[in-house]
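The structure presented is a predicted model; accordingly, all values stated were derived computationally and were not measured. For reference, positions follow the sequence shown, starting with 1.
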Amino acid sequence: MPPFSLMLHHFYDHKNHPKGQGAISGDDFECLLDYMTNNYSLLNAKDWMNLALDGSLDKDDVCLSFDDGLRCQYDIALPILNKRGLTAFWFIYSSVFEGSIGKIELYRYYRTVKFKDIFEFYEAFEVRLKKFNFYKEVEIKLQKFNASEYLIEHSIYTDQDRRFRFIRDIALGSQRYEQVMDSMISDSDINADLLFKHLWMDNDCIRDLHTIEHIIGLHSYSHPTRLSDLSINEQYEEYSQNYTHISRLLGVNPTSVSHPCNSYNKDTLEVLNNLGVNLGFRSNMSQPKPLSLLEFPREDHSIIMKKAGLRS
């Protein structure tokens with residue numbers, strides 16, 4: 001196995017942060033870190049980055065990375081890292097730090113608290129979708145969907161996950177997808193404004209992470225799920241705004257990135273190189289050839305937990 005980063009997103013505590021698909025508890029995280037420490041060379045973020053840039057990583061060298069700037073990460077995972085003297089990469093998208101509601105997390109929260117499981121949500125979503133006049137177009141596009149071929153590089157997805165992502169990203173696109181989701185949420189008692197501080201860190205959290213030697217990196221401005229579909233100018237706007245927010249906040253220029261939803265292309269790499277970003281991560285373990293410093297692999301925590309025989 002090549003050097004990689006362990007990729008982490010959601011945590012739960014049954015108090016402020018509900019348990020949703022893929023979320024782990026603090027106890028789960030402790031067990032996961034024990035396994036990583038015993039089976040790999042688990043490095044602090046700056047040490048891993050320096051070795052990567054120097055071309056000196058060993059095959060067992062692993063680091064930790066957190067995506068999306070989520071408050072649950074700060075509340076649950078960070079105290080555990082502090083106790084162990086560990087640091088990580090934290091990849092944030094900036095729009096939520098500048099007053100925008102990040103709909104990816106809003107929708108996830110809605111799925112988590114309003115449905116017994118993700119599959120009940122998928123069923124309700126397709127029922128609601130049929131009420132829109134563009135549903136016939138979706139049906140036509142679904143004829144080309146093959147669960148055994150779509151997003152096959154992401155082994156953690158079920159066939160239902162793949163179908164939903166195909167509908168969201170390919171059959172609908174972001175604007176129509178948001179129409180469907182917003183109509184579902186409007187029928188609930190979810191208040192997006194009240195959730196803001198509950199779902200995401202704020203700038204003070206990011207400053208705190210930087211002060212204690214964690215690395216803050218880019219994750220685009222608005223977290224599009226299909227960033228590679230954007231023009232090179234649109235991609236530049238996504239990353240330059242993200243870059244400006246972090247550099248102004250911390251007084252240092254970010255030099256690392258994780259590709260949101262693993263969506264990027266040669267234009268993305270050109271944009272990042274022009275911004276001075278020299279280290280990047282994918283969201284799976286596949287390795288493009290030739291592998292660039294902007295395409296290091298990451299393994300989802302759930303896969304490592306299964307390998308370790310831990311509850312996921």
Side-chain angles (χ1 to χ4, degrees), residues 8-11 16-17 45 65-78 88-110 173-175 177-179 181-182 185-186 190-212 214-264 267-268 271-272 274-277 279-281 283:
L8 298 137
H9 285 85
H10 296 91
F11 294 80
N16 297 318
H17 305 291
S65 56
F66 297 81
D67 282 0
D68 300 339
L70 305 177
R71 184 76 197 198
C72 63
Q73 299 167 351
Y74 187 86
D75 291 345
I76 300 171
L78 181 60
F89 291 89
W90 304 73
F91 297 111
I92 66 169
Y93 63 102
S94 297
S95 60
V96 293
F97 293 87
E98 299 186 343
S100 296
I101 294 294
K103 290 197 169 181
I104 288 177
E105 288 306 316
L106 173 61
Y107 297 159
R108 186 184 190 280
Y109 181 86
Y110 167 70
S174 59
Q175 186 175 12
Y177 168 65
E178 289 182 7
Q179 287 182 45
M181 289 300 302
D182 290 346
I185 289 177
S186 68
I190 297 290
N191 186 319
D193 293 330
L194 294 179
L195 283 175
F196 196 85
K197 291 184 178 180
H198 176 77
L199 294 179
W200 294 281
M201 299 183 216
D202 57 25
N203 283 327
D204 287 340
C205 296
I206 301 304
R207 291 190 192 97
D208 180 38
L209 289 168
H210 175 69
T211 298
I212 57 177
H214 294 265
I215 294 179
I216 310 301
L218 303 174
H219 201 50
S220 80
Y221 185 75
S222 65
H223 201 304
T225 58
R226 299 277 294 183
L227 187 137
S228 63
D229 288 346
L230 303 181
S231 70
I232 189 170
N233 290 333
E234 290 170 325
Q235 292 192 41
Y236 176 79
E237 284 302 310
E238 280 287 334
Y239 277 114
S240 64
Q241 290 183 79
N242 190 199
Y243 182 96
T244 297
H245 166 236
I246 294 174
S247 59
R248 285 178 177 172
L249 178 66
L250 302 180
V252 297
N253 295 331
T255 59
S256 61
V257 65
S258 72
H259 304 289
C261 299
N262 210 48
S263 183
Y264 69 97
D267 289 340
T268 319
V271 164
L272 293 168
N274 289 339
L275 288 171
V277 177
L279 183 73
F281 294 93
S283 62

When rounded to the nearest 0.5 angstrom, what distance separates CG in L218 from CD1 in I246?
5.0 Å
Distance check, rounded to the nearest 0.5 Å: Y107 atom OH versus M181 atom CE?
6.0 Å
Nearest 0.5 Å, please: how far is SG in C205 from CZ in F97?
7.5 Å
Side-chain heavy-atom pair L8, W90 within 4.5 angstrom cut-off:
no
Contacts of D267 that satisfy salt bridge (Lys or Arg N to Asp or Glu O under 4.0 Å) - sequence neighbours left out
none
Start with the C-alpha distance between C261 and R226, add both sets of side-chain angles, then the distance that settles side chain to side chain contact (heavy atoms under 4.5 Å, CB included), and finish with yes or no.
CA-CA 7 Å; C261 299; R226 299 277 294 183; over 6 Å; no
Step-by-step side chain to side chain contact (heavy atoms under 4.5 Å, CB included) determination, V96 to D68:
CA-CA 9 Å; V96 293; D68 300 339; over 6 Å; no
Heavy-atom side-chain proximity of H10 to L70 below 4.5 angstrom
yes
Checking L230 against E237 for the side chain to side chain contact (heavy atoms under 4.5 Å, CB included) test, could you report, in this order, the C-alpha distance in whole Å, the side-chain angles of both residues, the deciding distance, and whether it holds?
CA-CA 10 Å; L230 303 181; E237 284 302 310; over 6 Å; no
So S95 and H245, side chain to side chain contact (heavy atoms under 4.5 Å, CB included) or not? Walk me through it.
CA-CA 9 Å; S95 60; H245 166 236; over 6 Å; no
Could you tell me which non-hydrogen atom of S240 sits nearest to which non-hydrogen atom of L275, and how far apart they are?
N-CD1, 4.1 Å
Test of understanding: with salt bridge (Lys or Arg N to Asp or Glu O under 4.0 Å), list the residues that count as partners of E234, not counting sequence neighbours.
none
Partner of S94 under side-chain hydrogen bond (donor to acceptor under 3.5 Å, both in side chains), picked from N203, T244, N242, is N242
With a 3.5 Å distance limit and no angle check, can you tell me whether Q73 reaches the backbone of D67 through a side-chain donor-acceptor pair?
yes
Do the side chains of F89 and L279 get nearer than 4.5 Å, heavy atoms only?
yes
Contact check, side chains of S283 and H259, non-hydrogen atoms, under 4.5 Å
no
Sequence-distant partners of R108, salt bridge (Lys or Arg N to Asp or Glu O under 4.0 Å), two or more places apart:
none
Looking at OH of Y177 and NZ of K103, how far apart are the two atoms once the value is rounded to the nearest 0.5 Å?
10.5 Å
Given side chains that start at C-beta, do those of T268 and Y239 come closer than 4.5 Å, heavy atoms only?
yes
I want to check something: taking the side chain as every heavy atom from C-beta on, are Y93 and W200 in contact at a cut-off of under 4.5 Å?
yes
Is there side-chain contact between C72 and H9, with heavy atoms separated by less than 4.5 Å?
no
Short side-chain to backbone donor-acceptor contact, S258 and F281, under 3.5 Å:
no
Mutual orientation of the aromatic rings belonging to F91 and H219 [parallel < 30°, tilted 30-60°, perpendicular > 60°]:
tilted
Distance, nearest 0.5 Å, that separates CG of L249 from CD1 of I206
7.0 Å
Just how far is it from atom CD of Q179 to atom CD of Q175, taken to the nearest 0.5 Å?
6.0 Å
Side chain to side chain, D208 and L78, heavy atoms closer than 4.5 Å:
yes
Restricting to non-hydrogen atoms, name the atom on T225 and the atom on S263 that form the minimum distance, rounded to 0.1 Å.
O-CB, 3.8 Å
For G276 versus T255, what's the shortest heavy-atom pair and its separation?
O-CG2, 3.9 Å
For E98, I'd like to know if atom CD has over 12 heavy atoms of other residues, nucleotides or ligands within 6.0 Å.
yes
Quick check on side chain to side chain contact (heavy atoms under 4.5 Å, CB included): which of Y243, Y264, Y236 does V271 satisfy it with?
Y236
